[in-house]
Amino acid sequence: MIYLIIGGSCCGKTSFVKNTWLKDKSFETKKDILTYVETDNAIILGKYSNIDGRERSGTDTISRSQVSLIGEQVKSLVGYDKDIVLDGDKATSRKLFDFLLNLDKTQLILIHCDVTLSLQRNHEQNTIVSEATLKRILSKAKNIFGEYKNKMNGICIDTSKFTIEDFKAFSLYNYKMYR
């Protein structure tokens with residue numbers, strides 16, 4: 001299965017990925033066309049060097065010049081019989097989504113919260129980002145989700161009421177309790 005995790009900044013995408021595919025697992029960072037992390041059951045594009053940290057991770061660690069290589073990298077990994085996970089704004093692309101529709105079964109997950117809350121969460125993490133940038137990221141994710149949700153079995157999760165404890169447990173295996 002290919003999982004596309006998209007949404008707003010500080011809405012819980014990376015927590016979702018870490019809790020689902022990395023928590024309590026050993027993993028290895030590898031480099032092929034792009035850098036990825038591999039566990040016994042998943043391949044996650046980008047870097048995840050510190051599981052408990054709040055640094056950039058996932059496709060947000062891929063340089064802009066390499067974004068066009070994401071589809072090629074995913075295609076080369078499909079035969080590994082592991083989940084392939086793309087988390088982040090750089091994976092939010094119609095060109096990539098169209099490409100992935102032809103590869104394998106794809107699950108699209110939109111994780112979002114109100115822009116004001118996204119801004120507050122960013123400030124709490126000492127991240128300087130404008131409200132306009134946050135609105136752009138969230139609008140882009142919501143628009144593409146609207147276009148592809150029926151083609152990719154889309155799931156939408158609002159994390160506006162999440163506590164710190166919710167983010168520590170939130171995963172593919174329990175997301176329904178948060179809907």
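The first residue in the sequence is number 1, and the count goes up from there.
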Notebook entry, point to check: Does the pair Ile164 and Phe167 meet the rule for a side-chain contact (heavy atoms from CB on, under 4.5 Å), with working shown?
Noted result: CA-CA 5 Å; Ile164 298 268; Phe167 282 116; 5.8 Å; no

Note to self: Tell me whether Leu86 shares a hydrophobic cluster with Ile137, the cluster being built from Ile, Leu, Val, Met, Phe, Trp, Tyr side chains joined at under 4.5 Å.
What the structure shows: no

Next item on the list: Could you tell me whether the side chain of Lys13 and the main chain of Gly8 form a donor-acceptor pair under 3.5 Å?
Entry: yes

Notebook entry, point to check: Given Ile43 and Val85, is the side-chain contact (heavy atoms from CB on, under 4.5 Å) satisfied, shown in steps?
Noted result: CA-CA 6 Å; Ile43 298 172; Val85 182; over 6 Å; no

Notebook entry, point to check: For Tyr36 and Leu45, which heavy atoms make the closest approach, and how far apart are they?
Noted result: CB-CA, 4.0 Å

Check: How far apart are the closest heavy atoms of Lys168 and Lys23, and which atoms are they?
Finding: O-NZ, 2.9 Å

Item checked: Rounded distance [0.5 Å steps], CD1 in Ile44 versus NZ in Lys82 -> 10.5 Å

Check: Thr20 side chain to Ser171 main-chain N or O, any donor-acceptor pair under 3.5 Å?
Finding: no

Margin query: Restricting to side-chain hydrogen bond (donor to acceptor under 3.5 Å, both in side chains), what partner residues turn up for Thr116, sequence neighbours left out?
Written below: Asp114

Checklist line | Gap separating the CG atom of Asn122 from the CD1 atom of Ile128, nearest 0.5 angstrom | finding: 10.5 Å

Note to self: With a 3.5 Å distance limit and no angle check, can you tell me whether Lys30 reaches the backbone of Val37 through a side-chain donor-acceptor pair?
What the structure shows: no

Next item on the list: Indicate the atoms forming the closest heavy-atom contact of Ile84 with Val74, along with that distance.
Entry: CD1-O, 3.9 Å

Output side-chain donor-acceptor pairs under 3.5 Å for residues 149-157, partner residues at least two apart or in another chain, one line each.
| residue | atom | partner | partner atom | Å |
| --- | --- | --- | --- | --- |
| Asn153 | ND2 | Gln107 | OE1 | 3.3 |

Notebook entry, point to check: Ser139: what forms a side-chain hydrogen bond (donor to acceptor under 3.5 Å, both in side chains) with it, not counting sequence neighbours?
Noted result: none

Check: Which value, rounded to the nearest 0.5 Å, describes the distance between Thr106 atom OG1 and Leu100 atom CG?
Finding: 5.5 Å

Note to self: Side-chain heavy atoms under 4.5 Å apart, restricted to Ile/Leu/Val/Met/Phe/Trp/Tyr: what other residues fall into the cluster of Leu117, or is it alone?
What the structure shows: none

Item checked: Backbone of Phe162 reached by a side-chain donor or acceptor of Thr159 within 3.5 Å -> no

Next item on the list: Could you tell me whether a side-chain N or O of Ser118 sits under 3.5 Å from a main-chain N or O of Ser9, the two making a donor and an acceptor?
Entry: yes

Notebook entry, point to check: Does NZ belonging to Lys25 count more than 12 external heavy atoms closer than 6.0 Å?
Noted result: yes

Margin query: So, using side-chain hydrogen bond (donor to acceptor under 3.5 Å, both in side chains) as the criterion, who are the partners of Glu131 when residues are at least two apart?
Written below: none

Checklist line | Closest contact, heavy atoms only, Arg121 versus Cys113 | finding: NH1-SG, 3.5 Å

Notebook entry, point to check: Should we say atom NZ of Lys161 is surrounded by more than 12 heavy atoms from elsewhere, each under 6.0 Å from it?
Noted result: no

Next item on the list: Show your reasoning for whether salt bridge (Lys or Arg N to Asp or Glu O under 4.0 Å) applies to Glu72 and Lys75.
Entry: CA-CA 5 Å; Glu72 183 181 342; Lys75 184 177 179 180; over 6 Å; no

Note to self: Please report the interatomic distance CD1(Ile5) to CD1(Ile109), rounded to the nearest 0.5 Å.
What the structure shows: 3.5 Å

Next item on the list: Mind listing the closest non-hydrogen atom pair of Leu110 and Ala141 along with its distance?
Entry: CD1-CB, 3.8 Å

Notebook entry, point to check: Can you find a pair of side-chain heavy atoms, one from Ile6 and one from Asp89, that are under 4.5 Å apart?
Noted result: no

Notebook entry, point to check: Does the side-chain hydrogen bond (donor to acceptor under 3.5 Å, both in side chains) test come out yes or no for Tyr173 and Asn19, once each step is laid out?
Noted result: CA-CA 9 Å; Tyr173 311 111; Asn19 292 337; over 6 Å; no

Notebook entry, point to check: Is Asn174 reaching over with its side chain to a backbone N or O of Ala169, donor-acceptor style, under 3.5 angstrom?
Noted result: yes

Margin query: Between Trp21 and Asn41, is the side-chain hydrogen bond (donor to acceptor under 3.5 Å, both in side chains) condition met? List the steps.
Written below: CA-CA 8 Å; Trp21 290 282; Asn41 66 342; 5.4 Å; no

Next item on the list: Check whether any side-chain N or O of Gln73 sits under 3.5 Å from a backbone N or O of Leu34 as a donor-acceptor pair, and report yes or no.
Entry: yes

Notebook entry, point to check: Does the side chain of Lys90 reach to within under 4.5 Å of the side chain of Leu96, using non-hydrogen atoms?
Noted result: no

Next item on the list: Would you please test Tyr148 and Asp98 for side-chain contact (heavy atoms from CB on, under 4.5 Å) and show each step?
Entry: CA-CA 9 Å; Tyr148 289 85; Asp98 288 339; 2.6 Å; yes

Notebook entry, point to check: Any side-chain heavy atom of Glu38 sitting closer than 4.5 Å to one from Tyr80?
Noted result: yes

Notebook entry, point to check: Who else is in the cluster with Leu134 when I, L, V, M, F, W and Y are joined by side-chain contacts under 4.5 Å?
Noted result: Val115, Leu119, Val129, Leu138

Checklist line | Minimal non-hydrogen separation, Ile33 against Gln66, with atom names | finding: O-NE2, 4.4 Å

Note to self: Just so I know, are the side chains of Thr29 and Thr35 near enough to count as touching, which here means a heavy-atom distance under 4.5 Å?
What the structure shows: yes

